[in-house]
Amino acid sequence: MPRTPLSRRALLAAGGATAVAIGAAAASPTAAAAKPTDDPVATPNEALRRLLAGNHRFTTGHGRHPHQSLDDLHRLAAGQHPFAITVGCADSRVAPEVLFDQGLGDLFDNRVAGNIVDDLLLGSAEFAVEEFGSLLIVVLGHERCGAVTATIDAIRTGGTAPGHIGTIVDSLRPIIEPVLDQPGDPVENGVRANIAAQVRALSARSPIIAEKVRQGALRVVGARYDLDNGRVSLVA
């Protein structure tokens, strides 16, 4: 019997949101009623400008900390409209809403050590693109990344990482190994190489994302967070 593609609403109603939507609110008939409190973002470039402007406010001590109250959370219970998706590294120092001075409902956050685009994370990003019409995906790496450092140590010593940390190392190894002998700091080179690789993977592995990018409805960028000064810079 041929398989019938699930509609986006059917995916939510069937409980698929539990599996693929990191931080997604449960759908309800009034989901369309929830509206963002800021002016809407209309294009991918506007979305990027809003994030970079927010990061500037953060780094200069002028953060607005927008719509982060309990009332805002109640408003968002009816549905969410995140304008951007983050694919970030699991790290206590890299909180996207803080770095970009955004509020509840603005960013659809996905975080895993090494900001690796595996099948689960890819499904989560696709879900946000399809269900919420998010305009931007930011792959956000950071300096002194522990996942990259562990991978470099494993390559140089010939050792293995304990437990499931080895899965992270195995995923990063083919990305880090080719740049290990390049001039400069090996961890920094690895961080930048990994950001670029994960940006490519999002479009290369996802027809959904690739089509949205082709239509101009979505942009995928790489960015790096500096732990010393809080600044986010784009990575080519």
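Quick caveat: nothing in here was measured; it's all calculated off a predicted structure.
- Residues V41 and A47 approach most closely at CG1-N, 3.3 Å, considering heavy atoms.
- R224 places a side-chain heavy atom less than 4.5 Å from the side chain of D226.
- A side-chain donor-acceptor contact under 3.5 Å links N55 to the backbone of V232.
- Remark: L135 CG to F83 CZ distance equals 9.0 Å, nearest 0.5 Å.
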Exercise. Could you go step by step and tell me if F132 and F127 meet the ring-ring contact (aromatic ring centres under 6.0 Å, His included) rule?
Worked result: CA-CA 8 Å; F132 308 127; F127 178 84; 5.6 Å; yes
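- N194 places a side-chain N or O within donor-acceptor distance of the main-chain N or O of G114, the cut-off being under 3.5 Å.
- The two residues N229 and T59 come nearest to each other via the heavy atoms O-CG2, 3.6 Å.
- The backbone N or O of V94 lies less than 3.5 Å from a partner atom in the side chain of R111, making a donor-acceptor pair.
- Annotation for R57: atom CZ counts as buried by contact number, over 12 foreign heavy atoms lying within 6.0 Å.
- Judged purely by atom type and a 3.5 angstrom limit, E188 has no side-chain atom pairing as donor or acceptor with the backbone of P186.
- Panel note: side chain H74, backbone D72; no donor-acceptor pair is recorded below 3.5 Å.
- Under the side-chain contact (heavy atoms from CB on, under 4.5 Å) rule, I195 has a single partner from V87, V138, V139, which is V139.
- Under the 4.5 Å side-chain contact rule for hydrophobic residues, V129 and V213 share a cluster.
- No side-chain heavy atom of Y225 sits under 4.5 Å from any side-chain heavy atom of D91.
- V98 and L52 end up in the same hydrophobic cluster when Ile, Leu, Val, Met, Phe, Trp and Tyr side chains are linked at under 4.5 Å.
- Under the 4.5 Å side-chain criterion, counting only non-hydrogen atoms from C-beta, K212 is in contact with E130.
- Distance alone, capped at 3.5 Å, places no donor-acceptor pair between the D106 side chain and the P82 backbone.
- Within the 3.5 Å criterion, the main-chain N or O of V117 finds a donor-acceptor partner in the side chain of Q198.
- Here NE2 of H67 is found 13.5 Å from CG of D71. Values are rounded to the nearest 0.5 Å.
- Judged by distance alone, with hydrogens and angles left aside, the side-chain atoms of T151 form no donor-acceptor pair with the main-chain N or O of R173 at under 3.5 Å.
- No side-chain donor-acceptor contact under 3.5 Å links Q215 to the backbone of A210.
- Hydrophobic clustering, with ILVMFWY side chains joined whenever heavy atoms are under 4.5 angstrom apart, keeps I165 apart from L121.
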